[in-house]
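The first residue in the sequence is number 1, and the count goes up from there. Order of appearance sets the numbers: ligands from 1, and atoms from 1 within every ligand. In what follows, every heavy atom counts, from backbone to side chain, and hydrogens, waters and symmetry copies are set aside. What you are looking at is a predicted structure, and each value in this text was computed from that prediction instead of being measured.
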Amino acid sequence: MKEESLQAYLAREVGDATLEDLIDRIASACWKISNLVRGAALSGNLGTTAEVNPQGEAQKPLDLLADTVFSQSCRDSSALAALISEEIETVTWLREGTAGRYVVSYDPLDGSSNLDVDLSVGSVFAISRIAPAGVGTALVPGRDLVCSGYALYGPSTIFVLTFGNRVDGFSLSNDGDSFVLSHPNMSIPVETQEFAINVSRLRFWDETVRTYIADCIEGAEGVRGKPFNMRWTASMVADVHRILVRGGIFLYPKDSENAAEGGKLRLLYEANPMAMIVEAAGGLATDGQRPLLDIVPQSPHQRTAVVLGSRSEVERLAKAYAS
Ligand code: P6P
């Protein structure tokens, strides 16, 4: 059976031509970024620039190129009020009248430290809407998001999308000119035996995280009574996609080194879009204790702890914190 194109899916699912156009523009930006990623070595786009982003992180040439592609692809949408980018310090307001228009928060190239070693990277986005009364800000809790998604630039390029009640994945066709439905109705297994965390940070973790991970590592001989595997790709998009496909728990906790900043991962364009996707796929997403989607953002680059994935493991950690 001929699988459905992203355009046909949007026409059937969205029912709002301006939102459909905006998502299509985002998918087009991801398609262009996929080509830039695949050609980076030959176009001299590896290595690091002398610039740093608002987080103080060294910017890769493709971080900046991907941001330009993303913003240029989206900004001509008449439905767009503002852009919030990991690479730009402030909110970019595109037009005065904002009532009823959309805000796109995005990380144009997440995990870009993987580029030079040819490992997976991704783009992440979340779409929210300014209230029709024009009241409201670009900063809304994840619970109010209209749509979120990511593109994973791995062995294949996959575009994953949710409107909150299901998650569908689209693969870039071999001739590279369209995204085709390949992962309908993605669902996270409730149980898992696989965790994802940067274990080199063990010395910074609180006792709850340290005990949880130690119990997983003790495996069948320990309190968990079963073996656990570990994966850490240094690309949140790749780790979340693996969890969507086969389950798992991803942890980037607040720890003694990043506590002053509130954690490492950014709420608006990493944690929230992924939390919306994970919850829509039957998983849970917290800051260790409370749902990420309930956090009321105070600033565009606000950071948070992130624990997400298979429901039973995320609940187990939250209970450990509560006790
Ligand atoms: P670490 C990439 O920089 C990122 O924001 C996420 O994609 C990833 O999960 C995390 O940071 C990796 O952090 O400490 O392992 O480099």
> Between D287 and K254, is a salt bridge (charged side-chain N to carboxylate O under 4.0 Å, His left out) present by the stated rule, with each step listed?
CA-CA 8 Å; D287 62 2; K254 194 186 301 184; over 6 Å; no

> What does the list of residues with a heavy atom under 4.0 Å from ligand 1 look like, ordered by chain and number?
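Residues near ligand 1: D110, G111, N198, W232, A234, S235, M236, F250, Y252, K264, L265, R266, E270.
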
> State, without any angle test, whether D24 and Q7 hold a side-chain donor-acceptor pair at a distance under 3.5 Å.
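Distance-only check passes for D24 and Q7.
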
> Quick test of your reading: applying ring-ring contact (aromatic ring centres under 6.0 Å, His included), list the pairs with at least one residue in residues 255-314, sequence neighbours left out, ordered by first then second residue.
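Every ring-ring contact (aromatic ring centres under 6.0 Å, His included) pair that includes a residue of residues 255-314, provided the two are not neighbours, is Y269-H301.
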
> Kindly state each residue pair satisfying ring-ring contact (aromatic ring centres under 6.0 Å, His included) with at least one member in residues 64-84, sequence neighbours excluded.
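Output for this query lists F70-Y106.
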
> With S73, which residues qualify under side-chain contact (heavy atoms from CB on, under 4.5 Å), at least two apart?
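Once residues adjacent in sequence are excluded, the partners of S73 under the side-chain contact (heavy atoms from CB on, under 4.5 Å) criterion are R25, S28, A29, K32.
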
> Step by step, work out the salt bridge (charged side-chain N to carboxylate O under 4.0 Å, His left out) result for E261 and R266.
CA-CA 10 Å; E261 296 178 304; R266 278 62 55 133; over 6 Å; no

